[in-house]
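Working notes for the structure below.
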Amino acid sequence: MIDPQILRTDPDRLRESQRRRGESVELIDDLIASDVAKREAQTRFDELRNEQKLLGKQIGPLQGALKKADDDAAKAKAQAEVDDLMAQAQTLAEQVKAADAAATAAGETLDALWLQVSNLVNLESPVGGEEDFTVLEEIGTPRDFAAEGFEPRDHLEIGELLGAIDVERGAKVSGSRFFYLTGPGAMLEIALLNLAMQQATAHGLIPMITPTLVLPSAMEGTGFLGQAAENVYRIEQDDMYLVGTSEVPLAGYHADEIIDADQLPLRYAGWSSCFRREAGSYGKDTRGIIRVHQFDKVEMFVYCRPEDAEAEHARLVAWEKEFIDALEIPYRVIDVATGDLGSSAARKFDMEAWIPTQGTYREITSTSNTTEFQARRLKIRMRDENGTRPLATLNGTLCAMPRVIVALLENHQQADGSVVIPMALRPFLGGQEVFTPAS
RNA sequence: GGAGGCAUCGCCUAGUCCGGUCUAUGGCGCCGCACUGCUAAUGCGGUUUGGGUUUAUCGCCCAUCGAGGGUUCAAAUCCCUCUGCCUCCGCCA
């Protein structure tokens with residue numbers, strides 16, 4: 001959610017953001033009307049309620065007097081007064097009830113509209129759709145397999161040669177887009193986890209293992225029940241959701257809390273399985289493990305002062321680069337365009353790894369500055385010398401297992417089907433230097 | 001899954017039986033001021049959160065006693081439902 005003050009003082013800022021995202025601009029006018037209506041209804045209720053309370057305060061003492069009255073004349077007089085007040089109070093009570101209902105309804109209408117509004121985009125973000133990103137940096141050089149004299153195999157072929165990936169049995173047991181990591185594949189994931197956590201803790205991030213099943217409030221608060229809802233698994237029987245990223249439980253962790261400013265920034269590295277329905281991606285990336293329904297991921301998550309958010313975002317980018325650098329994978333950094341941002345992101349940078357058999361770069365990490373958007377929805381605030389206000393949250397992938405494995409296998413393969421293990425990973429694989437085909 | 005207990009404004013706590021004087025008590029912590037060689041102690045004042053009103057300050061109003069309903073002129077207090085935590089029993093990775 002966005003600061004409602006902006007709606008009243010600078011609605012054009014909201015309109016411009018909506019326009020850049022390619023989302024409804026008219027929504028802002030509905031919002032303004034609804035905001036006015038809500039405040040009017042609320043004010044009416046407040047005033048009636050005040051009247052009611054003032055009236056109610058007279059009744060108590062009066063009834064006390066009525067009980068004490070000795071002579072009949074005084075008693076009758078007191079009784080008449082009480083009856084009169086009660087009659088007034090009863091009418092008022094009905095009005096209060098109606099005003100309360102009206103205010104509540106107006107509030108619900110307003111809230112529902114706010115849920116449709118995505119975060120204000122950062123004006124630096126390139127405007128446009130999925131293809132309109134800006135390339136900020138290209139790091140490393142893709143290998144020239146032609147010069148090396150062999151045709152590169154794709155990750156699935158290598159994975160099968162090594163006995164590391166089994167998608168056939170994944171499909172047998174769970175359906176399409178499920179896979180097993182076997183033998184060296186499983187060991188590789190564990191090594192990657194260790195490398196990622198070692199790096200994260202070296203930078204002071206707090207390691208976390210999070211729930212993967214969450215309540216609707218956590219899912220909605222992080223902004224995944226908007227346009228991304230179709231990609232979320234819902235457990236209907238218990239009204240819970242399987243998370244698509246540990247961003248959700250890491251953001252929900254401090255929901256409804258007020259954090260002392262001197263504790264900030266709070267930085268976490270969460271390890272969890274991630275579940276994605278991949279609705280609307282039929283036919284896309286059907287081969288291998290680039291796009292799957294379930295995978296494991298180490299995700300970084302930061303709570304900080306809003307004024308520090310951009311600097312934190314740069315830090316997350318730097319840490320993501322450090323990790324990919326360690327794996328010796330060629331990649332580029334892109335500034336994602338406004339139309340391709342998630343609803344909660346103001347700005348997003350993706351790292352895309354070079355995939356030799358596709359001759360292109362593919363996303364392996366993504367980091368978003370969600371400014372105060374999630375914090376407002378989840379009621380996470382900070383307290384400093386200026387009082388209490390929402391803080392900023394940011395998230396960034398450190399290591400999404402399948403895609404990193406894809407990039408590793410393809411980029412470090414050799415003519416005989418073996419795969420050289422990058423130096424940084426060897427300590428976590430007992431010093432092993434190369435994966436060799438099973439037989 | 002069964003039985004019982006508990007939930008109050010940072011922490012602890014009074015209030016709930018018997019509805020109105022609750023504008024929610026007191027302590028701790030914290031902030032400000034005073035006093036004081038310094039510190040400490042002491043005294044005085046302040047200290048939930050959200051919304052509204054106000055150019056702003058001061059102030060005023062509304063909501064908020066785990067959540068949501070209900071009864072009532074009036075609910076922390078009475079009734080119902082739900083959630084969480086604790087204890088015991090059963091089952092179980």
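Keep in mind that the numbers below use all heavy atoms, side chains included, and drop hydrogens, waters and symmetry copies. Numbers restart at 1 for each chain; the letters A, B, ... are given by sequence-line order, proteins then strands.
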Nearest to the side chain of [X] - [options]?
X       : options             : result
A:Gln52 : B:C73, B:U53, B:U49 : B:C73
A:Arg39 : B:G52, B:U71, B:G50 : B:G52
A:Ala93 : B:G52, B:C73, B:U49 : B:C73

Legend entry - A:Ala200: partners by side-chain contact (heavy atoms from CB on, under 4.5 Å), with sequence neighbours left out: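 For A:Ala200, the residues satisfying side-chain contact (heavy atoms from CB on, under 4.5 Å) (neighbours in sequence not counted) are A:Leu205, A:Ala269, A:Leu398.
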Inset, instruction - Measure from the side-chain N and O atoms of A:Arg21 to the backbone N and O of A:Asn119, and report whether any donor-acceptor pair falls under 3.5 Å. - result: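 Yes; at least one donor-acceptor contact below 3.5 Å.
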Legend entry - Polar side-chain atom of A:Gln413 near backbone of A:Glu410 as donor-acceptor pair, under 3.5 Å: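 Answer holds: yes.
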Legend entry - For A:Phe275, ring-ring contact (aromatic ring centres under 6.0 Å, His included) partners two or more places apart: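 ring-ring contact (aromatic ring centres under 6.0 Å, His included) list for A:Phe275, sorted by chain: empty.
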Legend entry - Close aromatic pair by centroid cut-off 6.0 Å: A:Tyr268 and A:Tyr253: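 Centroid separation for A:Tyr268 and A:Tyr253: below 6.0 Å.
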Legend entry - Atom-pair distance (CG on A:Leu215; P on B:A67), nearest Å: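 My rounded result for the distance is 17 Å.
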Legend entry - Value in whole Å for how far the C1' atom of B:U53 lies from CD of A:Glu40: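 Taking CD of A:Glu40 and C1' of B:U53, I get 14 Å after rounding.
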Inset, instruction - Ignoring backbone atoms, test whether A:Arg383 places a side-chain nitrogen or oxygen under 4.0 Å from the OP1 or OP2 oxygen of B:U49. - result: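 The answer is yes; a side-chain N or O of A:Arg383 sits under 4.0 Å from OP1 or OP2.
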Legend entry - Any A:Arg44 side-chain N or O less than 4.0 Å from OP1/OP2 of B:G52: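 So the side-chain polar atoms of A:Arg44 never come under 4.0 Å of the phosphate oxygens OP1 or OP2 of B:G52.
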Inset, instruction - Decide, yes or no, whether a salt bridge links A:Glu312 with A:Arg315 under the criterion of side-chain N to carboxylate O below 4.0 Å. - result: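 Yes, this pair counts.
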With [atom1] as the reference atom in both, quote the distance from [N] to [M] in angstrom, rounded to an integer.
N     : M     : atom1 : result
B:G50 : B:U13 : P     : 25 Å
B:C22 : B:A75 : C1'   : 11 Å
B:U21 : B:A76 : C1'   : 16 Å

Inset, instruction - Would you mind telling me which residue lines up with the more 5' stretch of RNA chain B, A:Lys38 or A:Ala89, judged by nearest nucleotide? - result: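 Result of the comparison: A:Lys38.
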Tabulate protein N/O versus nucleotide N/O from nucleotides 61-64 of chain B, keeping only pairs under 3.5 Å, one per line.
unit_1: B:C61; atom_1: O3'; unit_2: A:Asn50; atom_2: OD1; d: 3.1
unit_1: B:C62; atom_1: OP1; unit_2: A:Asn50; atom_2: OD1; d: 2.9
unit_1: B:C62; atom_1: O2'; unit_2: A:Asp46; atom_2: OD1; d: 2.7
unit_1: B:A63; atom_1: OP1; unit_2: A:Arg49; atom_2: NE; d: 2.4
unit_1: B:A63; atom_1: OP1; unit_2: A:Arg49; atom_2: NH2; d: 3.1
unit_1: B:A63; atom_1: OP2; unit_2: A:Lys53; atom_2: NZ; d: 2.7

Inset, instruction - For A:Arg8, answer base if it contacts any base atom (sugar-phosphate contacts may also be present), sugar-phosphate if it contacts only those atoms, and nothing otherwise; contact means non-hydrogen atoms under 4.0 Å. - result: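 Sugar-phosphate only.
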